[in-house]
Amino acid sequence: MMEVLPKDLVEQCKKRMEQYNCEGFVYGRGPENPEIMIVGEAPGETEIHNGIPFSGRAGKVLNEFFEYLGVSRDDIYFTSTVRSRPFKIVHKEGPDGEIIEKKYNRAPNMKEQLAHAPIVDYEIRHVKPKQIVTLGNIGLQRLLGKNYKISEVHGRLIQAPVRRLKDMNTNEWTLSEEEYSIFPTFHPASIFYNRSLLEKVYEDLDELKKILTSKK
Ligand code: URA
């Protein structure tokens, strides 16, 4: 396992997040120099309760992807763009007409992504993954910027520098000096809303299999 994140970095990032509607904190998990580093979006309710990334509904689908790839979860480092659960409060009417408050997951906005950016920056530098796999638009654009759209670039290997936070005060991005090998595919949760994506994901996984084999 990778050494834990520096405490002061975590504290700083938690502080940067305080003003937003986000709860909990989930650490990244996995070995150094992994075959794959997964960069997701943000944890959901299950993850903030047990502290294990991708242990909820989307994680179960993701496990099936790894099984298909023939890569063990032990060879994968899991992280996400934001480490707390972004939520929105929705008021619903209960069975007796009472108003019930419910928390729903939502995608992290740019301010929240910036608040936790130093964590992913630190992990990419120290984990040194052989292959980064981004899930969905959030993970993809966190590393490569808004010009990349998942519907256009999924299933393609991209060799490029990644975005890094230049300065915690100005919240400006800069690019890493090193290039990384990045493979974008859809987020497993997107399949819940659009089943037709599943076929595309498996085509992407076939491509990823070839890439991983060629690196051995
Ligand atoms: N989506 C993510 O990006 N991370 C998780 O841990 C769960 C769902």
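By convention here, the first residue in the shown sequence is residue 1. Counting starts at 1 for both ligands and their atoms, following the listed order.
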For ligand 1, which atoms, with element, lie under 4.0 Å from some heavy atom of P43? 5 (C), 6 (O)
Below 4.0 angstrom, N of the basic side chain to O of the carboxylate: do K200 and E203 qualify? no
Does any N or O of ligand 1 fall below 3.5 Å from an N or O anywhere on F54, backbone included? yes
So Y27 and F25, would you call those rings parallel, tilted or perpendicular, with 30° and 60° as cut-offs? perpendicular
Mind checking whether E41 has an N or O less than 3.5 Å away from an N or O of ligand 1? yes
May I ask you to decide whether R164 forms a salt bridge with E178, counting only side-chain N to carboxylate O separations under 4.0 Å? yes
Before you tell me yes or no, could you show the steps for Y193 and H187 under ring pair (Phe, Tyr, Trp, His ring centres under 6.0 Å), namely the whole-Å CA-CA distance, both residues' side-chain angles and the distance that decides it to 0.1 Å? CA-CA 11 Å; Y193 312 106; H187 195 286; 9.7 Å; no
Hey, does A42 come in under 3.5 Å of ligand 1, counting only N/O atoms on both sides? yes
Any atoms of ligand 1 less than 4.0 Å from a non-hydrogen atom of H187? List them with their elements. 1 (N), 2 (C), 3 (O)
How far is atom 7 (C) of ligand 1 from the closest protein heavy atom, and which atom is that? E47 OE2, 3.2 Å
Show your reasoning for whether salt bridge (Lys or Arg N to Asp or Glu O under 4.0 Å) applies to E123 and R83. CA-CA 12 Å; E123 287 177 309; R83 321 313 286 275; 3.0 Å; yes
Got more than 12 heavy atoms from elsewhere within 6.0 Å of NZ, K60? no
Under 4.0 Å from a heavy atom of P53: which atoms of ligand 1 are those, numbered in the order shown and with their elements? 6 (O)
Should you measure from each heavy atom of G40, which atoms of ligand 1 turn up under 4.0 Å away? 3 (O)
